[in-house]
Amino acid sequence: MDSPQSGMESDKEINDEEVKSVIEVMAASGKFWHDWDKLKGMLSFHLKQVLSDYPEAKMTIEQQQSCLGESFCELAKRLDDALNSFAEGPPFTLQRLCEILLDARNIYSKLSKLVLALEKNLLVTSTLTISSDQYASSTIQNATEPERETKGSPVQSNLVSNGVEPVPSAGDADEVMAEVEEAEVEDVTTIDMDTIEAIVRSSEADTTPTSDS
């Protein structure tokens, strides 16, 4: 009798992990690459899980109504309906919405505060369009396959630290630009000097002469 139950639980865990990894990618990038209806189902699933994780969800209906002004079921349905009201695409607040869902208990100690934050992010009208970025699919794969990520990223980071810019895909370019913009704001001249020194050192270490422009 235990084996079918444990099988179902493991299926649930895999599903949870997949959903969470997709939400993590959206929280980090602010972009989405899945079909919106499928993604909406993932967000709805995770939203209900996050809400039910609060102690208020286990109170009696009377306690919920005095504490929240409505029953937990009504509250969950209201937020889920707000999410499902987006027909064309996710709200433009998708990134913040994902950030909240991933770390709700640490950000909001009370369910009532979480609900206000979620409502604020769901009471918007503008929506996002699906990303056609090549980086998108590789990011999602990396989120579920950490081994591949460790193989690929050190090469790029070494190239960047040596002052060599690899030809990036559209998504990689976005990431590099974001890092460069942050770095430039902090200290432009230091970066330039460090980059020049790194190039000089690497060319000196190389016995074969290279033509740098």
Side-chain angles (χ1 to χ4, degrees), residues 1-2 4-131 136-137 139-146:
M1 286 191 180
D2 284 1
Q5 272 190 343
S6 58
M8 283 184 74
E9 276 175 39
S10 65
D11 281 350
K12 243 186 176 183
E13 278 175 48
I14 293 165
N15 197 11
D16 287 357
E17 270 186 45
E18 281 178 22
V19 170
K20 195 176 176 185
S21 69
V22 171
I23 293 174
E24 281 171 353
V25 172
M26 293 188 297
S29 66
K31 298 176 184 178
F32 78 103
W33 307 276
H34 288 75
D35 173 73
W36 170 228
D37 285 335
K38 182 183 176 183
L39 188 58
K40 201 192 294 185
M42 289 183 183
L43 287 168
S44 172
F45 171 79
H46 196 67
L47 171 69
K48 288 167 188 168
Q49 278 196 324
V50 168
L51 293 173
S52 63
D53 197 32
Y54 276 80
E56 288 91 332
K58 292 154 187 77
M59 292 177 174
T60 64
I61 292 176
E62 285 178 5
Q63 288 173 324
Q64 288 168 356
Q65 283 174 334
S66 65
C67 178
L68 303 166
E70 60 190 325
S71 73
F72 177 79
C73 288
E74 288 168 337
L75 178 151
K77 186 180 184 304
R78 186 162 54 80
L79 288 172
D80 196 43
D81 286 348
L83 175 64
N84 282 292
S85 69
F86 291 91
E88 302 300 317
F92 79 92
T93 53
L94 177 68
Q95 185 170 21
R96 182 59 189 149
L97 198 60
C98 291
E99 288 171 351
I100 291 170
L101 289 175
L102 286 172
D103 204 24
R105 289 302 298 270
N106 289 327
I107 305 171
Y108 303 103
S109 56
K110 292 185 178 178
L111 181 60
S112 55
K113 290 185 177 180
L114 170 66
V115 170
L116 285 173
L118 291 171
E119 279 179 331
K120 186 181 172 184
N121 285 278
L122 289 168
L123 290 173
V124 296
T125 52
S126 301
T127 57
L128 294 174
T129 53
I130 194 162
S131 176
S137 55
T139 307
I140 292 171
Q141 282 170 8
N142 288 342
T144 51
E145 300 170 33

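Computed from a predicted structure; not experimentally measured. Just so you know, these numbers use all the heavy atoms, side chains as well, and skip hydrogens, waters and symmetry mates.
- Of the possible polar contacts, one joining the K58 side chain to the S52 backbone as a donor-acceptor pair under 3.5 Å is found.
- For the pair V19/Q49, no side-chain contact is recorded, criterion being any heavy-atom separation below 4.5 Å from C-beta on.
- At a threshold of 4.5 Å between non-hydrogen side-chain atoms, the residues L51 and L114 count as touching.
- Between E99 atom CD and I107 atom CD1 the span is 7.5 Å, to the nearest 0.5 Å.
- The closest side-chain heavy-atom distance from I130 to D35 is not below 4.5 Å.
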Practice problem: Might you work through the salt bridge (charged side-chain N to carboxylate O under 4.0 Å, His left out) test for E17 and K20, ending with a clear yes or no? | Solution: CA-CA 5 Å; E17 270 186 45; K20 195 176 176 185; over 6 Å; no
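- D53 is linked by a side-chain contact (heavy atoms from CB on, under 4.5 Å) to R105, counting only residues two or more places apart in sequence or in another chain.
- Considering CD of Q95 and CD1 of I100, their distance stands at 11.5 Å, rounded to 0.5 Å.
- Around atom CD1 of I61, no more than 12 heavy atoms belonging to other residues, nucleotides or ligands sit under 6.0 Å away.
- Although no hydrogens or angles enter the test, the distance criterion places a donor-acceptor pair under 3.5 Å between the side chain of K40 and the main chain of F86.
- Remark: side-chain polar atoms of S85 are paired, donor with acceptor, to backbone N or O of A82 under 3.5 angstrom.
- Considering only heavy atoms from C-beta on, L123 stays 4.5 Å or farther from P91 through its side chain.
- T127 contributes no side-chain N or O that, together with a main-chain N or O of G89, makes up a donor-acceptor pair within less than 3.5 Å.
- If you take CH2 on W36 and CG on L43, they are separated by 5.5 Å, rounding to the nearest 0.5 Å.
- No donor-acceptor distance shorter than 3.5 angstrom exists from the side chain of D80 to the backbone of A76, with no hydrogens or angles considered.
- For the atom pair NE2 (H46) and CG (L83), the distance works out to 12.5 Å, reported to the nearest 0.5 Å.
- Side chain of N121 to backbone of A117: a donor-acceptor contact under 3.5 angstrom is found.
- Between H34 and M42, some side-chain heavy-atom pair lies under the 4.5 Å cut-off.
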Less than 3.5 Å apart, which donor and acceptor atoms pair up between the side chains of residues 63-72 and the rest of the protein, not counting sequence neighbours?
{"residue": "Q63", "atom": "OE1", "partner": "T60", "partner atom": "N", "Å": "3.0"}
{"residue": "Q63", "atom": "OE1", "partner": "T60", "partner atom": "OG1", "Å": "3.3"}
{"residue": "Q64", "atom": "OE1", "partner": "F72", "partner atom": "N", "Å": "2.9"}
{"residue": "Q64", "atom": "NE2", "partner": "E56", "partner atom": "O", "Å": "3.1"}
{"residue": "Q64", "atom": "NE2", "partner": "A57", "partner atom": "O", "Å": "3.3"}
{"residue": "Q64", "atom": "NE2", "partner": "M59", "partner atom": "O", "Å": "3.1"}
{"residue": "S66", "atom": "OG", "partner": "E62", "partner atom": "O", "Å": "3.4"}
{"residue": "S66", "atom": "OG", "partner": "Q63", "partner atom": "O", "Å": "2.9"}
{"residue": "E70", "atom": "OE1", "partner": "R78", "partner atom": "NE", "Å": "3.3"}
{"residue": "E70", "atom": "OE2", "partner": "R78", "partner atom": "NE", "Å": "3.4"}
{"residue": "E70", "atom": "OE2", "partner": "R78", "partner atom": "NH2", "Å": "2.4"}
{"residue": "S71", "atom": "OG", "partner": "E74", "partner atom": "N", "Å": "3.2"}
{"residue": "S71", "atom": "OG", "partner": "E74", "partner atom": "OE1", "Å": "3.4"}

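- Looking at Y108 and L116, their side chains never come closer than 4.5 Å, going by heavy atoms from C-beta outward.
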Quiz item: Is there a side-chain contact (heavy atoms from CB on, under 4.5 Å) between F45 and D16 once you walk through the steps?
Solution: CA-CA 9 Å; F45 171 79; D16 287 357; 3.0 Å; yes
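- Looking at heavy atoms from C-beta onward, V50 lies out of side-chain contact with L118 at the 4.5 angstrom threshold.
- In this structure, L79 CG and N84 CG are separated by 11.0 Å, a value rounded to the nearest 0.5 Å.
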